[in-house]
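Notes follow once the structure below has been shown.
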Amino acid sequence: MQDFENPEDYWAWHDANGFSRIINVNGTMTSLGGSITRAKVRQATVEAMGRFVKIHELQSKASRVIAELTGAQSGCITASASAGISLAVAGAMTGMDPAAAESLPRGAGLRSGVVVQLGHLCNYGAPLATAIELTGAHVVPVGQSTLCTDYQFDAALTDTVAAAVYVVSHHVVHYGQIPFARFARIAHAKGVPVIVDAASEYDVKRFIAEGADIVIYSGHKFLGGPTSGIIAGRTDLVRAAYLQNTGIGRGMKVGKESIAGVIAAMEAWMQRNHSGIRTEEDAALELWQTSVAGISGIAAIKVDDPTANPLQRLQINVDAAKAGASAATFARALGQQSPAIIVRNHEVELGYFQLDPCNLAPGQAEIVAETLARVLADGHSLQAEEGDDASARNGGTDAYMTWQG
């Protein structure tokens with residue numbers, strides 16, 4: 001739950017700027033602004049904006065806090081988790097050679113292979129391969145989308161490989177992949193560093209403890225900081241990633257305000273009442289589940305997060321024949337309410353959508369419950385539109401193509 005004392009205060013900024021009122025039950029999605037920062041984080045950001053500071057000193061402080069938070073040796077802040085992938089890959093290619101850093105993305109003569117299990121080559125809003133290839137590296141896919149074996153991975157780790165990337169996301173294939181600890185052991189046996197994309201992960205210590213050389217987190221998702229990416233890991237690889245700010249990383253640089261804000265967010269995370277917040281989230285799930293009980297064609301169940309984050313979501317399973325509309329049509333209709341209820345809809349073609357309770361302001365759980373019950377009970381009056389399965393998804397390619405800038 002977020003810290004707006006008066007529920008109407010939440011909407012004042014939207015109204016003043018002519019923006020749509022929305023309630024985010026989708027999750028920590030970039031297309032919706034990531035997350036809402038706490039008051040202390042906002043204050044840290046404001047204080048930094050009014051002052052000059054040596055950025056390297058600020059990054060050094062961030063490194064110390066990242067080490068405390070994650071158990072890594074060192075860390076640095078960059079523009080986003082996607083930027084973190086690019087910088088970490090580039091650092092693995094160049095090491096601390098400034099001439100090599102300046103040579104990217106051409107990088108003649110450098111090791112440039114980056115091994116990724118085929119089932120991990122996902123799109124998180126952009127293709128993972130793009131973040132890697134921006135450096136001049138080339139992706140070495142391993143296995144098939146639903147099966148990657150140890151021997152296939154081992155054979156791919158040739159002397160032309162700079163790094164191996166492991167992705168933790170709801171977007172990847174969740175079976176038939178090499179488990180992380182074994183993935184790291186195989187790579188290390190060949191002397192290849194392991195980079196983990198854990199942008200949306202709650203557990204910020206696990207992957208370093210299990211052998212990752214670099215782990216990348218989003219600073220503005222679960223941590224609730226300003227838009228940023230966190231690179232954590234071995235000191236030599238973190239320094240090499242940071243060096244890329246003299247080359248391809250220049251366009252991915254992060255400002256003093258974001259560094260200060262994410263430092264405050266990391267410090268707050270270490271003091272957070274995680275169990276208390278989980279209790280509030282569970283109460284929202286119970287309220288929503290009760291609100292739709294008995295609606296024809298609707299079955300609401302609690303489901304665990306697919307990457308083992310310690311949270312549940314409410315999954316609304318829709319029998320379209322009985323409910324009068326498909327899951328995609330309901331998702332679109334909820335997004336057209338005022339305030340718009342933005343649901344988790346990336347699998348609507350399978351007949352369900354989900355509600356995530358992690359980003360609610362006071363009073364919003366009740367608004368969601370009332371709107372959900374009203375819309376789901378009125379499915380027969382909803383008009384399905386061609387392409388509903390695609391249009392129900394928020395922030396995808398269609399949104400960029402139809403942007404009226």
Side-chain angles (χ1 to χ4, degrees), residues 56 58-97 100-101 104 111 114-116 120 128 131-132 135 137 157 161-169 179-219 221-223 225 228-245 248-249 252-254 259 262-263 265-266 269-270 307:
H56 299 320
L58 192 55
Q59 285 277 18
S60 292
K61 179 176 181 179
S63 179
R64 294 190 293 272
V65 178
I66 292 168
E68 182 182 2
L69 176 74
T70 67
Q73 293 177 355
S74 300
C76 65
I77 308 299
T78 188
S80 65
S82 186
I85 296 168
S86 298
L87 299 186
V89 166
M93 294 168 66
T94 70
M96 288 300 295
D97 182 343
L104 298 183
R111 291 186 179 190
V114 177
V115 179
V116 188
H120 285 194
L128 172 73
I132 294 170
T135 68
L157 297 170
V161 167
V165 171
Y166 191 96
V167 182
V168 187
S169 169
F180 175 69
R182 194 161 78 234
F183 183 95
R185 286 197 302 271
I186 294 170
H188 289 160
K190 289 290 188 74
V192 174
V194 173
I195 299 167
V196 179
D197 172 13
S200 296
E201 293 309 291
Y202 197 99
D203 186 344
V204 293
K205 292 185 179 291
R206 172 195 162 192
F207 296 102
I208 291 294
E210 290 188 359
D213 299 290
I214 288 284
V215 186
I216 296 144
Y217 298 100
S218 170
K221 292 195 173 179
F222 277 123
L223 290 172
S228 56
I230 297 167
I231 300 174
R234 272 173 37 193
T235 297
D236 61 324
L237 291 174
V238 171
R239 290 184 69 212
Y242 189 61
L243 177 66
Q244 306 309 312
N245 284 293
I248 64 165
M252 306 173 189
K253 66 184 178 183
V254 63
I259 302 171
V262 79
I263 288 171
M266 292 188 291
W269 183 261
M270 290 185 278
T307 65

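Since the model is a prediction, treat every value here as computed from it, not as a measurement.
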side-chain hydrogen bond (donor to acceptor under 3.5 Å, both in side chains) against S218, all qualifying residues, sequence neighbours excluded: H220
Listing, residues 81-89 side-chain donor-acceptor contacts under 3.5 Å, not counting sequence neighbours, or none:
| from | atom 1 | to | atom 2 | distance (Å) |
| --- | --- | --- | --- | --- |
| S82 | OG | Y124 | OH | 2.7 |
| S86 | OG | A131 | O | 2.6 |

Can you list every pair that meets salt bridge (charged side-chain N to carboxylate O under 4.0 Å, His left out) and has a residue in residues 67-85, with sequence neighbours left out? none
NE2 of H120 to CG of L128, rounded to nearest 0.5 Å, is 10.0 Å
In Å and rounded to the nearest 0.5 Å, what is the CG to CD1 distance from L58 to I259? 4.5 Å
So which pairs with a foot in residues 202-215 pass salt bridge (charged side-chain N to carboxylate O under 4.0 Å, His left out), sequence neighbours left out? R206-E210, D213-R234
Could you pull out the closest heavy-atom pair between A137 and M93, with the gap in Å? CB-SD, 3.8 Å
Check side-chain hydrogen bond (donor to acceptor under 3.5 Å, both in side chains) between T235 and all other residues, then give those that pass, not counting sequence neighbours. Q73, S74
Distance-minimising heavy-atom pair for A101 and Q244: CB-OE1, 3.7 Å
Using 0.5 Å steps for rounding, measure from the CD1 atom of I263 to the NZ atom of K61. 5.5 Å
On a heavy-atom basis, which atom in T70 and which in A232 lie closest, and how many Å separate them? OG1-CB, 3.8 Å
Whether W269 and F222 hold their rings parallel, tilted or perpendicular, with breakpoints at 30° and 60°: tilted
Residues that Q59 engages under side-chain hydrogen bond (donor to acceptor under 3.5 Å, both in side chains), provided they are two or more places apart: none
Taking side-chain hydrogen bond (donor to acceptor under 3.5 Å, both in side chains) as the definition, give me every residue that meets it alongside S228, ordered by chain and number, with sequence neighbours left out. none
I230 and side-chain contact (heavy atoms from CB on, under 4.5 Å): which single residue from I216, V204, L223 fits? L223
State which residues pass side chain to side chain contact (heavy atoms under 4.5 Å, CB included) with A212; sequence neighbours excluded, sorted by chain then number. F180, V196, F207, V215
Quick one: pull up CZ in R64 and CG in L69 and give me the separation to the nearest 0.5 Å. 15.0 Å
Do you know which two heavy atoms are closest between A162 and A92, and how far apart they sit? O-CB, 3.6 Å
With sequence neighbours left out, what residues match R185 under side chain to side chain contact (heavy atoms under 4.5 Å, CB included)? A181, R182
Looking at every non-hydrogen atom in both residues, tell me the closest pair between I77 and M266 and how far apart they are. CD1-CE, 4.4 Å
Euclidean distance, M96 CE relative to D236 CG, rounded to 0.5 Å: 9.5 Å
With sequence neighbours left out, write down each residue that passes salt bridge (Lys or Arg N to Asp or Glu O under 4.0 Å) with K190, or none if nothing qualifies. D154
If you look at every heavy atom in V238 and G233, which pair is closest and at what distance? CG2-N, 3.6 Å
Output all residues satisfying ring pair (Phe, Tyr, Trp, His ring centres under 6.0 Å) with Y242, sequence neighbours left out; order by chain, then residue number. H56
Distance (rounded to the nearest 0.5 Å) between I231 CD1 and T78 OG1: 5.5 Å
